[in-house]
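A short write-up of the structure that comes next.
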Amino acid sequence: MRSAKDFFRPLAVGAPAPVREVPFRPSRMIHFFDPSNEKMAAKVPTIAPKVDVLLGNLEDAVSADRKEAARAGLVATAKAQDFGDTQLWTRINSLDSPWALDDLLTLVTEIGHKLDVVMVPKVEGAEDIHYVDRLLAQLEAKAGIGRPILVHAILETATGVANVEEIAGASPRMQGISLGPADLAASRRMKTTRVGGGHPGYLVREDPKDPGMELPRLTFQQDLWHYTIARMVDACAAHGILPYYGPFGDIKDTTACEDQFRNAFLLGCVGAWSLHPVQIDIAKRVFSPAPADVAWARRVIDAMGDGTGAVMIDGKMQDDATVKQCHVVVELAEALAARDPELAQAYEA
Ligand code: 1VU
Ligand code: MG
């Protein structure tokens with residue numbers, strides 16, 4: 001293991017110095033598109049200004065015979081488009097595939113100066129991040145890239161979940177982690193066939209009201225993903241990186257998508273993936289704090305003065321701990337407002 005003193009040294013001669021803190025840039029929705037799909041790629045100029053992150057997906061959902069077309073399509077799209085302050089990410093193929101190495105070689109040398117983050121699927125442990133970390137440093141040096149490309153891991157195997165803390169802290173390049181519920185369900189041998197969301201069979205039933213009478217008993221659907229999201233959020237918070245909910249596959253069920261995204265937001269996630277244009281506004285709505293919550297948080301901060309002691313506001317006790325929660329809400333609102341004039345107005349009203 002390298003010394004802690006070396007953690008912030010570049011891993012290749014001529015590579016940029018690693019970041020010491022993950023820059024917080026709004027990333028409420030990571031919008032996936034398939035660069036080998038001409039119809040989708042043609043929509044990039046209109047979609048890019050509406051999303052915080054645009055991601056050219058090279059992995060699952062791109063068929064094996066389209067992998068090279070997707071890689072070339074992403075290079076062409078990135079070269080043709082000025083993304084303004086929208087981030088450009090890519091999801092490379094998994095490290096056990098024959099495509100991952102060429103994905104990195106091509107993308108970093110051709111469009112590395114425009115790429116903000118490389119999302120790595122099926123990460124199982126720190127060794128996967130170390131492999132990508134060293135390669136990125138070599139390629140950044142070769143291509144003369146002046147700032148480090150960050151790395152985002154998808155948590156989608158049981159082994160990855162077991163090692164989530166070491167993954168989160170594996171490199172100063174680590175930007176964040178997304179939950180990948182579909183691959184994770186398969187890896188765990190869960191009996192679902194969905195992409196995220198609940199399942200009607202995963203429930204708790206109320207006790208019999210009157211044993212022997214067979215009166216109907218209420219049931220409550222439970223959240224299949226609570227444990228993993230909470231674990232991922234803790235690992236990310238402990239290492240100063242950002243947690244995300246991943247994909248919600250029932251595109252037509254916009255209500256359940258919003259619920260899933262909101263659960264993740266409330267638990268600490270900063271964004272989710274949008275797989276279809278209809279999910280962009282859902283993520284934007286959910287991952288931006290409500291104006292009423294921002295106004296309340298500001299009221300608490302004002303009333304708390306130096307942030308210590310206890311006061312009562314509208315019958316609710318406020319103290320050093322509630323004011324910290326309010327700072328989380330206000331800091332997020334201010335970061336989002338700096339990028340989104342509509343939100344800036346809503347938060348000032
Ligand atoms: O109106 P038009 O025909 O011109 O365009 C369609 C369609 O092309 C377009 N569209 C998109 N544009 C940009 N980005 C997208 N992600 C996107 N999705 C669709 O919108 C118009 C309306 O589309 P539609 O409602 O007719 O939907 P389709 O049947 O065309 O496409 C639906 C799917 C789900 C297949 C499509 O949205 C898609 O492929 N999305 C991305 C899927 C993906 O990236 N999956 C991998 C991440 S999830 C994972 O790894 C674990 C499960
Ligand atoms: Mg996956």
Hits for ring-ring contact (aromatic ring centres under 6.0 Å, His included) against Trp225, two or more places apart or cross-chain, chain-then-number order -> none

- Item | CZ (Arg147) with more than 12 external heavy atoms under 6.0 Å | yes

side-chain hydrogen bond (donor to acceptor under 3.5 Å, both in side chains) pairs touching residues 340-349, sequence neighbours excluded, are none

The salt bridge (Lys or Arg N to Asp or Glu O under 4.0 Å) partners of Glu165 (sequence neighbours excluded) come to Arg231

Co-membership, hydrophobic cluster, residues Val117 and Ile145, 4.5 Å side-chain: yes

I'd like to know if Lys79 pairs up with Glu110 as an ion pair, taking the criterion as any Lys NZ or Arg NE/NH1/NH2 lying under 4.0 Å from an Asp or Glu carboxylate oxygen. yes

Modelled atom types, side-chain donor and acceptor of His152 and Ser178, under 3.5 Å = yes

Less than 4.5 Å apart, side chain to side chain, heavy atoms only: is that true for Val204 and Gln222? yes

Between Pro35 and Gly56, the two heavy atoms sitting closest are CG-CA, 4.0 Å

Show me the side-chain donor-acceptor pairs of residues 213-220 shorter than 3.5 Å, one per line, residues at least two apart or across chains.
residue	atom	partner	partner atom	Å
Arg217	NE	Glu206	O	2.9
Arg217	NH2	Glu206	O	3.2

For Ala283, the side-chain contact (heavy atoms from CB on, under 4.5 Å) test, sequence neighbours excluded, returns Met29, Phe261, Phe287

Query raised in the report: Do Arg25 and Asp52 sit within salt-bridge range, that is, some charged N less than 4.0 Å from a carboxylate O?
Result: no

Quick note, side-chain hydrogen bond (donor to acceptor under 3.5 Å, both in side chains) partners involving residues 322-336, not counting sequence neighbours, are Gln318-Thr322

Ser97 meets the side chain to side chain donor-acceptor pair (under 3.5 Å) criterion, sequence neighbours left out, with none

Leu267 meets the side-chain contact (heavy atoms from CB on, under 4.5 Å) criterion, sequence neighbours left out, with His226, Ile229

For Asp103, the salt bridge (Lys or Arg N to Asp or Glu O under 4.0 Å) test, sequence neighbours excluded, returns Arg71

For Ile301, the hydrophobic cluster (side chain heavy atoms closer than 4.5 Å, chained through members) also holds Trp296, Val300, Met304, Val311, Ile313, Val323, Val330

Is the distance between the ring centroids of Phe32 and His276 under 6.0 Å?
no

Would you call Asp96 and Lys122 a salt bridge, using N to O less than 4.0 angstrom? no

The side chain to side chain donor-acceptor pair (under 3.5 Å) partners of Asp302 (sequence neighbours excluded) come to none

By salt bridge (Lys or Arg N to Asp or Glu O under 4.0 Å), Arg66 pairs with (sequence neighbours left out) none

What one should report as the nearest heavy-atom pair of Asp253 and Phe248 is O-CE2, 3.8 Å

